[in-house]
Amino acid sequence: MSVQNAEIARLFARLADLLEIEQQNPFRVRAYRNAARVIGGLSHPVADRVATGEDLTDLPGIGEDLADRIIGIVKTGRFPLLEEVERRTPGTLSDLMKVPGLGPARVRTLYRELGITGPEDLERALRTGAVRELSGFGEKTEAALRSALARTRAASERTLLAEAETLARPLSEWLGGCEGVLEVAVAGSFRRRRETVGDLDILVTCRRGASVMDCFTAWEDVGEVISRGRTRSTVMLRSGTQVDLRVVPQISYGAALQYFTGSRAHNIHVRRIAGQRKLKINEYGVFRGRRRVAGRNEEEVYAALDLPWIPPELREDAGEIEAAARGALPRLIEPSDLRGDLHCHTRATDGQQSIGEMARAAADRGHEYLAITDHSRRVSMAHGLDADALLAEIDEIDRIAETLPDMRLLKGIELDILEDGSLDLPDRVLDRLDLTVCAVHYGLGLSRRRQTERILRAMDNPRCTILAHPRGRLIGEREPCELDMERIMRGARERGCILEVNAQPRRLDLSDSDCRMACELDVALAINTDAHSAAQLDLLRFGVDQARRGWVEPGRVINTLPLGELLARLRR
DNA sequence: GCCGTTTTCGGCCCGACTGTTTTCAGTCG
């Protein structure tokens with residue numbers, strides 16, 4: 001099996017931690033950390049580039065040295081430099097760095113003075129009181145580390161974006177009602193619409209002298225106040241999610257929003273450009289010397305660098321700043337571009353509502369069309385439909401469709417792709433449908449080559465309209481299946497097959513980087529909810545978020561098409 | 001270790017909060 005990007009990223013990040021603990025050149029440390037981020041965020045496997053002999057130094061932050069190291073890892077599966085460093089500095093120290101409150105300096109002290117190499121050692125040393133005796137540590141640090149370790153164990157990890165919304169919305173409203181508060185914005189990865197959110201960054205402007213921090217820490221869901229200052233406080237919610245609140249003057253709102261939205265890599269790049277122009281950017285504004293030249297809103301901040309405003313979803317330092325400078329930012333898709341939904345379920349299989357209820361709910365949302373796509377027979381857990389049951393459903397869809405003046409109900413099925421790549425129902429039945437969404441539900445553990453060929457074979461059948469949730473992942477629960485996504489995409493393009501961006505918050509499959517690849521390879525997409533209830537028809541916007549992060553423009557997405565053009569496009 | 005309409009050498013983002021320090025280091029975002 002070839003080495004995955006995530007593995008290379010992990011090795012580089014680990015090396016960066018260890019070199020930092022060893023107090024080596026901090027810029028060398030940054031170079032490895034930056035390379036980890038760049039490789040981890042690539043849409044194509046870097047192993048493929050190595051195989052075809054592509055020049056890796058084209059990648060940002062990858063020079064001769066790092067390119068050679070990547071090639072070595074891909075070809076041998078080993079990283080001798082890391083092995084060498086780990087002989088003098090235990091690799092597990094990198095895990096210790098993940099404990100909140102521990103950075104390279106404290107980890108180094110803990111290791112050198114007490115021989116602590118991991119969380120278990122640390123816990124023991126905290127119990128015996130050895131830690132508080134160290135210079136630079138004290139009783140408060142000891143208590144903080146004890147609670148940090150407990151929190152790490154309880155590790156709720158990252159929160160799904162949709163769940164983070166349910167925490168952020170009521171808190172934002174609460175803050176908006178606090179005395180003297182003028183503006184409230186949720187920034188950070190939440191605003192960049194990442195599929196998961198680590199903690200919530202909330203920005204507030206207020207009238208002078210307002211006691212926002214008192215109001216913030218009085219929020220009913222606050223479990224623990226971690227730090228509390230005049231302009232910045234951190235709390236832990238009872239759910240385990242951390243929230244940082246920053247208060248800035250109104251005149252700094254744009255600069256602060258830009259700054260706290262990140263990503264860090266984007267900001268570093270932006271500030272580098274500012275430095276070249278003798279400007280300084282911080283969360284209070286853009287400054288030339290001591291004079292503020294921008295900061296009231298984000299447009300001003302970017303304009304000070306001769307850049308157009310950059311949508312938050314793109315701010316990952318993945319080429320968006322260069323594109324902005326060229327005037328070549330994409331016109332990103334928006335929820336209002338979508339005219340319908342091509343994947344949903346009803347009570348006939350594992351959905352919660354009838355066909356009629358789903359149809360009316362979609363019509364209420366202004367959809368021009370909705371495809372009913374219940375499961376096929378192989379997915380027995382969901383009471384998948386066999387040929388006869390599907391024919392009966394087709395008749396019922398036709399009946400209900402006649403009662404809907406303003407919306408077209410499309411006949412479809414979520415068709416299982418069997419292990420040999422054949423489709424789960426006979427062609428003669430499928431020919432009665434407007435579309436199929438085809439998906440793998442079993443045999444997710446096949447090898448990369450077999451899984452790829454299985455899906456390509458399924459797409460050989462012209463009745464395969466849309467490949468649904470192609471990676472088969474469940475965020476935080478199930479890893480994506482092994483797949484040569486580039487081959488799948490090239491295959492889809494040749495065959496006129498469409499790839500789905502499944503909007504279920506725990507799927508979001510295709511991922512953001514897959515979407516970016518689809519743009520590069522000119523593959524058509526559909527953004528679908530896979531709704532199992534009427535309420536879930538509202539999830540489309542999460543699919544849009546993911547597509548926007550992948551630079552997707554409306555023209556790439558077939559369910560932006562009016563009905564007539566859509567129907568033509570569905571016929572391969 | 002990377003990178004260059006200031007540079008192939010000499011730079012590399014910047015401020016807030018905490019605790020232990022008695023003037024600042026460490027961590028975080």
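Numbered from 1 within each chain, the chains take letters A, B, ... in sequence-line order. Values in this document were obtained by computation on a predicted structure and should not be read as measured data.
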Rounded interatomic separation in angstrom, taking CD1 from I268(A) and C1' from dC28(B)
13 Å

Would you classify V99(A) as touching base, sugar-phosphate or nothing, given that sugar-phosphate means primed atoms plus P, OP1 and OP2, and contacts are heavy atoms under 4.0 Å?
sugar-phosphate

Nucleotide paired to dT18(B) in any strand shown, Watson-Crick or G-U, under 3.5 Å
dA25(B)

Report yes if at least one side-chain N or O of T231(A) is closer than 4.0 Å to OP1 or OP2 of dC17(B); otherwise report no.
yes

Rounded to the nearest angstrom, tell me the gap between atom CD in E64(A) and atom P in dT8(B).
18 Å

Closest listed nucleotide, where the reference is the side chain of Q276(A) and the choices are dC13(B), dT6(B), dG15(B)
dT6(B)

Whole-Å distance separating the CG atom of D201(A) from the C1' atom of dC28(B):
11 Å

Considering heavy-atom distances to DNA chain B, does M97(A) or N282(A) have its closest nucleotide positioned more toward the 5' end?
N282(A)

Do D95(A) and T92(A) meet the criterion of a side-chain donor-acceptor pair at a distance under 3.5 Å?
no

Are F12(A) and F79(A), when compared by the centres of their aromatic rings, separated by less than 6.0 Å?
yes

Taking 4.0 Å as the cut-off, does a side-chain nitrogen or oxygen of N267(A) come that near to OP1 or OP2 on dC13(B)?
no

Please report the distance, rounded to the nearest Å, between CD in Q258(A) and P in dG15(B).
14 Å

For the pair T205(A) (side chain) and E183(A) (backbone), establish whether a donor and an acceptor sit closer than 3.5 Å, ignoring hydrogens and angles.
yes

So which nucleotide from dT18(B), dT27(B), dG1(B) ends up closest to the side chain of L66(A)?
dG1(B)

Within the pair Q242(A) and dG29(B), is there a side-chain N or O less than 4.0 Å away from OP1 or OP2?
yes

C1' atoms of dT6(B) and dG11(B), separation to the nearest Å:
11 Å

Any donor-acceptor pair, under 3.5 Å, between the side chain of N25(A) and the base of dG1(B), if you only look at N and O atoms?
yes

Does dT20(B) have its OP1 or OP2 closer than 4.0 Å to a side-chain nitrogen or oxygen of T141(A)?
yes

In the structure I gave you, are the side-chain heavy atoms of E7(A) and L11(A) within less than 4.5 Å of one another anywhere?
yes

When the distance from NZ of K140(A) to P of dT27(B) is rounded to whole Å, what number comes out?
18 Å

Nearest-nucleotide pick for Y32(A), side chain only, options being dT27(B), dT18(B), dG1(B)
dG1(B)

Does a nitrogen or oxygen in the side chain of R264(A) sit under 4.0 Å from OP1 or OP2 of dC14(B)?
no

First of R108(A) and L81(A) reached from the 5' end of DNA chain B, by closest nucleotide
L81(A)

Counting just side-chain N and O atoms, does R272(A) come under 4.0 Å of either OP1 or OP2 of dC3(B)?
no

Look at the side chain of Y259(A) and the base of dG29(B), then say whether one donor and one acceptor between them are separated by less than 3.5 Å.
yes

By the 4.0 Å heavy-atom rule, please label E139(A) as base, sugar-phosphate, or nothing.
sugar-phosphate

Side chains of N267(A) and R264(A), donor plus acceptor under 3.5 Å:
no

side-chain hydrogen bond (donor to acceptor under 3.5 Å, both in side chains) for Q258(A) and E300(A)? Distances and angles first, verdict last.
CA-CA 10 Å; Q258(A) 194 280 331; E300(A) 273 184 21; over 6 Å; no

C1' spacing across the pair dC3(B) / dT7(B), given as an integer number of angstrom:
9 Å

Within the structure shown, what part of the strands sits under 4.0 Å from P100(A) by heavy-atom distance: base, sugar-phosphate, or nothing?
sugar-phosphate

Side-chain (T529(A)) to main-chain (L540(A)) donor-acceptor, under 3.5 angstrom
no

Examine the base of dG26(B) for any acceptor or donor lying under 3.5 Å from a partner atom in the side chain of R106(A), and report the outcome as yes or no.
no

Here the distance between atom P of dC28(B) and atom NZ of K98(A), to the nearest Å, is 12 Å

Below 4.0 Å: OP1/OP2 of dA16(B) and any side-chain N or O of R232(A)
no

Separation of dG1(B) P from L11(A) CG (nearest whole Å):
16 Å

Side-chain N or O of K280(A) versus OP1/OP2 of dG15(B): is the shortest distance under 4.0 Å?
yes

Distance-minimising heavy-atom pair for Q242(A) and I226(A)
OE1-CD1, 4.3 Å

Determine the Euclidean distance between corresponding C1' atoms of dC14(B) and dC9(B); express it in Å to zero decimal places.
25 Å

Among dG15(B), dG1(B), dG29(B), the nucleotide that comes nearest once only the side chain of Y284(A) is considered:
dG15(B)

If I take atom CG in residue L59(A) and atom C1' in nucleotide dG1(B), what distance separates them, rounded to the nearest angstrom?
15 Å

Taking atom C1' in both dT23(B) and dG19(B), compute the distance separating them and give it to the nearest angstrom.
13 Å

Integer angstrom distance from the C1' of dC12(B) to that of dT18(B)
27 Å

Expressed as a whole number of Å, how far does the P atom of dT20(B) sit from that of dA16(B)?
22 Å

Looking only at atom P, what distance separates dT21(B) and dG15(B), rounded to whole Å?
27 Å

Quick one: label G136(A) by what it contacts on the DNA or RNA (base, sugar-phosphate, nothing), any heavy atom closer than 4.0 Å.
sugar-phosphate

If you look at every strand shown and take non-hydrogen atoms under 4.0 Å, does E142(A) touch a base, only sugar-phosphate, or nothing?
nothing

